[in-house]
2 protein chains.
Amino acid sequence: MERKSSSTLHDVAREANVSIATVSHVINNSRVVKASTRARVEEAIQSTGYRHNMVARELKMGSSGLIGVLIVDYNPFYTDVLRGIEKRLETMGYKFVVASTGEQWERQRELIHLMVARRMQGILIAPVAGFDAEYVTRYVPEQCPVILFDRHVDGLPSVTSETRNATRQLVEHLAHHGNRHVGMILSTDAISTMRDRQSGMEEACGELGLKLSIERTTPDDRGGYEATLRLFNRFAREDQPDVVFAANNVMLLGVLRCMKESGFSVGKDRSVVGFDDQIWCEVFEPPITVLNQNAYGMGEAAVDLLKVALEGEAVTSKRLPVHLTIRRSCGCPMN
Amino acid sequence: MERKSSSTLHDVAREANVSIATVSHVINNSRVVKASTRARVEEAIQSTGYRHNMVARELKMGSSGLIGVLIVDYNPFYTDVLRGIEKRLETMGYKFVVASTGEQWERQRELIHLMVARRMQGILIAPVAGFDAEYVTRYVPEQCPVILFDRHVDGLPSVTSETRNATRQLVEHLAHHGNRHVGMILSTDAISTMRDRQSGMEEACGELGLKLSIERTTPDDRGGYEATLRLFNRFAREDQPDVVFAANNVMLLGVLRCMKESGFSVGKDRSVVGFDDQIWCEVFEPPITVLNQNAYGMGEAAVDLLKVALEGEAVTSKRLPVHLTIRRSCGCPMN
DNA sequence: TTGTATGCGTTATCAC
DNA sequence: GTGATAACGCATACAA
């Protein structure tokens, strides 16, 4: 049974002795077909090995039913967002296509081109450092709404986390434990999340009278490790931060590693707090106190905004609350 | 500047006073065009807001340059594989499309249909429980090669991990520490990885004279927790397993949680070993000994096999070595 | 209940 | 150098 290129409606029609219109209609159930001819057609579909060609259909119909999603990396946070997107999109009857851009605007730009070239119905983007909102607005046609998530950029609607409140709660809690000096580890401030986390912390520490020292590094565990070291080396032993706050969960691992090697007991000698909850945070000894974003909900919300945009209505950005999960790494005696 | 649906080659051609053929050629650089007309065309492309339509191009050319990838879930293992796939595909000039199936054959089947309907050039699949290789072979046209990864199924080429050797090394190591009884936590044996991990362990324990007790559960951390409990309850205190081996990294977390709540000191009272390395495994106290698959390499290898298949040559399945990473949770005094 | 014919936006084969 | 024009595989308005 040799078939070079997949057979077409024509082949099926010829085989079944009907017109291609009829074949098309039995496939799409788009008009009444006599049972006997339908049977003949279905038989022919089998015997010719016909496979529906969505790309032809797409061209004809002018729409793909596909949503493009651009994430920065396949890290646990974004994959949780993805799950939320997937779930919500499913109920809308859309499929989606993911691609990761790394923290590179050039690559993200290329992928945006690809998405519009493939006539996606909408694009969900986690914008990278250097993201040019004006360019994107100009480039992407209006019928293809763009919704940002995780990070906000002026000029486009987005769904992001509201860090301020939770950070305030956290700092109150830390102050309550008697902490006086927080060391904060951030990556580049070309990303809105990092700026927000920083300003939230500055505000809270300012109001509550805690000293704040900031250290910037690469957003990986090695960066977390080295930044912690620098944070401690900047001060005499008695002036060192008593709590280290890592602005993402992978730098957090580096902080923890550094604590371990430096012989500090987390939760006793020094407090540690992270951003984004992972399963291991709970199992760790001591369990890690974290500022927890609603990643799954962010995915859902992004799709909800997209839906609004697709219906032609005006969309407004959304901020999701961040939850403070207190465990023991912050120095809490028990929980 | 209103444009309803994106403009086409025709619009550009009209605007530039040339034929659509010329426009097509300047876009694709597919034949020599006088500099002045090229300039006029490029100008027109700008002014009409033309965006290349890949779906039309695809229909005409009969190929999409897209590879479909079906993973079970967006867990750390599969996302590592994804990174390998992405990297390798990039050098081949292909883009790819990911979708997750959950452990549901129905869903996987649907997505396979979707992939062929969208005329993917090839499909990379992590087959789920219930995967019907015969069906897939019959359904997917020959021009669209299918390569399995992570799990093998008779009848289709795959790239999987070779567990036997590393397991043997592990058991030797454990026996060396004086362990006599290993408790193994597995999920369903409808998946080849679980069967392989089991048979590898049975073989090694048999040869080295260790007792083996198996407990099956759901592949999440709660499953790991409950299975550990059952594993201990099955025996009188003195006959309980002295080492618990979790067949994946998320069940491992459950095991660890159970150890903690039961008051067992990992690495002293009981040994714990996991499958698949994660960053946290190293930072954990004690650091976790694991059997470490080469996830990234698996992605690369899958693409390599695909490449061979795409070139029309016969492909043979590949098995990647698994590496035993000894840390301290297995009871090693130091490392 | 079924068939004919047109066009979706390209690329490619001719011809000029 | 450039321009007509025929497919690609499908959905559908219009006929019959």
Side-chain angles (χ1 to χ4, degrees), chain A residues 3-42 44-45 48-65 114 116-121 141 143-144, chain B residues 3-42 44-45 48-65 114 116-121 141 143-144:
Chain A
R3 68 191 131 71
K4 349 193 55 163
S5 65
S6 201
S7 62
T8 73
L9 285 188
H10 278 95
D11 304 321
V12 178
R14 185 162 8 89
E15 183 80 8
N17 256 308
V18 294
S19 73
I20 65 166
T22 303
V23 179
S24 174
H25 282 122
V26 341
I27 288 173
N28 298 315
N29 250 313
S30 41
R31 85 178 173 195
V32 190
V33 171
K34 192 160 63 171
S36 63
T37 50
R38 146 164 280 133
R40 249 185 16 257
V41 169
E42 273 161 355
I45 289 180
T48 56
Y50 173 76
R51 301 286 176 267
H52 198 165
N53 188 330
M54 295 280 258
V55 2
R57 170 177 227 275
E58 223 173 284
L59 175 59
K60 177 64 188 172
M61 309 274 281
S63 84
S64 65
L114 193 77
V116 340
R118 292 219 181 270
R119 295 301 185 263
M120 299 287 145
Q121 311 274 253
Q143 320 87 45
C144 175
Chain B
R3 68 191 131 70
K4 347 194 53 163
S5 65
S6 201
S7 62
T8 73
L9 286 187
H10 277 97
D11 304 321
V12 178
R14 186 162 6 89
E15 183 80 8
N17 257 310
V18 294
S19 73
I20 64 168
T22 302
V23 180
S24 174
H25 282 122
V26 343
I27 288 173
N28 298 315
N29 251 312
S30 40
R31 86 178 171 195
V32 189
V33 171
K34 192 159 62 171
S36 63
T37 50
R38 145 163 280 132
R40 251 187 14 261
V41 169
E42 272 161 356
I45 287 180
T48 54
Y50 173 76
R51 300 286 176 269
H52 197 167
N53 188 331
M54 296 280 256
V55 1
R57 168 176 230 273
E58 224 172 285
L59 175 59
K60 180 61 188 174
M61 309 272 282
S63 85
S64 64
L114 193 77
V116 339
R118 294 224 181 268
R119 295 301 185 264
M120 298 288 146
Q121 312 275 248
Q143 318 87 47
C144 174

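This is a predicted model, so every value here is computed, not measured. First the proteins, then the strands, lettered A, B, ... as listed; each starts at 1.
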Between C1' on C:dG9 and CD1 on B:Ile27, what's the gap in Å once rounded to a whole number? 11 Å

When rounded to whole Å, the CG to P distance for the pair A:Asp11 and D:dG9 reads 8 Å

Taking every heavy atom of B:Arg119 against every heavy atom of A:Asn53, the minimum-distance pair comes out as NH2-CB, 3.5 Å

Look at the side chain of B:Ala21 and decide which nucleotide, out of C:dT1, D:dG9, D:dG3, has an atom nearest to it. D:dG3

Need one value for A:Lys60: base, sugar-phosphate or nothing, where a base atom within 4.0 Å counts as base even if backbone is also close, heavy atoms only. base

Measure the distance from CD1 on A:Ile20 to C1' on C:dT4 and round it to the nearest whole Å. 9 Å

Presence of B:His25 side-chain N/O under 4.0 Å of C:dT13 phosphate oxygens OP1/OP2: no

Looking at B:Ser24, does any N or O in its side chain come under 4.0 Å of the phosphate oxygens OP1/OP2 on C:dT10? no

B:Leu9 has its side chain closest, among D:dC14, C:dT11, D:dC8, to C:dT11

Sole residue of B:Leu9, B:Asn28, B:Ile45 in side-chain contact (heavy atoms from CB on, under 4.5 Å) with B:His52: B:Asn28

To the nearest angstrom, the CZ-C1' distance between A:Arg31 and D:dC14 comes to 11 Å

Round to the nearest Å and state the distance from B:Asn29 atom CG to C:dT10 atom C1'. 17 Å

Could you check whether any side-chain heavy atom of B:Tyr50 comes within less than 4.5 Å of a side-chain heavy atom of B:Val23, counting everything from C-beta outward? no

Identify the heavy atoms of A:Met120 and A:Ser64 that sit nearest to each other, and give their distance. CA-OG, 3.9 Å

Atom OH of B:Tyr50 and atom P of C:dG9: how far apart are they, to the nearest Å? 10 Å

Considering all heavy atoms of both residues, which atom of A:Val12 and which atom of A:Thr48 are nearest to each other, and what is their separation? CG2-OG1, 3.5 Å

Answer with base, sugar-phosphate or nothing: what part of the nucleic acid does A:Met61 contact at a heavy-atom distance below 4.0 Å? sugar-phosphate

Looking only at side-chain N and O atoms, does A:His10 come under 4.0 Å of OP1 or OP2 in C:dG3? no

Would you mind reading off the distance between B:Glu58 atom CD and D:dG9 atom P, rounded to a whole angstrom? 13 Å

B:Arg51 CZ to C:dC8 C1': how many Å, rounded? 19 Å

Identify whether any heavy atom of B:Val18 sits under 4.0 Å from a base atom; if not, whether one sits that close to sugar-phosphate; answer base, sugar-phosphate or nothing. sugar-phosphate

For B:Ala13 versus B:Ser19, what's the shortest heavy-atom pair and its separation? CB-C, 3.8 Å

Report yes if at least one side-chain N or O of A:Asn28 is closer than 4.0 Å to OP1 or OP2 of D:dA11; otherwise report no. yes

For C:dG9, take OP1 and OP2 only and decide whether either is under 4.0 Å from a side-chain N or O of B:Thr8. no

Using a cut-off of less than 4.0 Å, is there contact between a side-chain N or O of B:Thr22 and OP1 or OP2 of D:dT2? no

Of the listed nucleotides (D:dC8, C:dT1, D:dC14), which one gets closest to any side-chain atom of B:Leu59? D:dC8

Contact nearer the 5' end of DNA chain D, comparing A:Met54 with B:Asn17: B:Asn17

Classify B:Ser30 by what it touches in the nucleic acid, base, sugar-phosphate, or nothing, heavy-atom distance under 4.0 Å. nothing

Of the candidates C:dT4, C:dG9, D:dC10, the side chain of A:Ser19 sits closest to C:dT4

Under 4.0 Å between any heavy atoms, over every strand shown, what does B:Val33 touch: base, sugar-phosphate, or nothing? Just pick one. sugar-phosphate

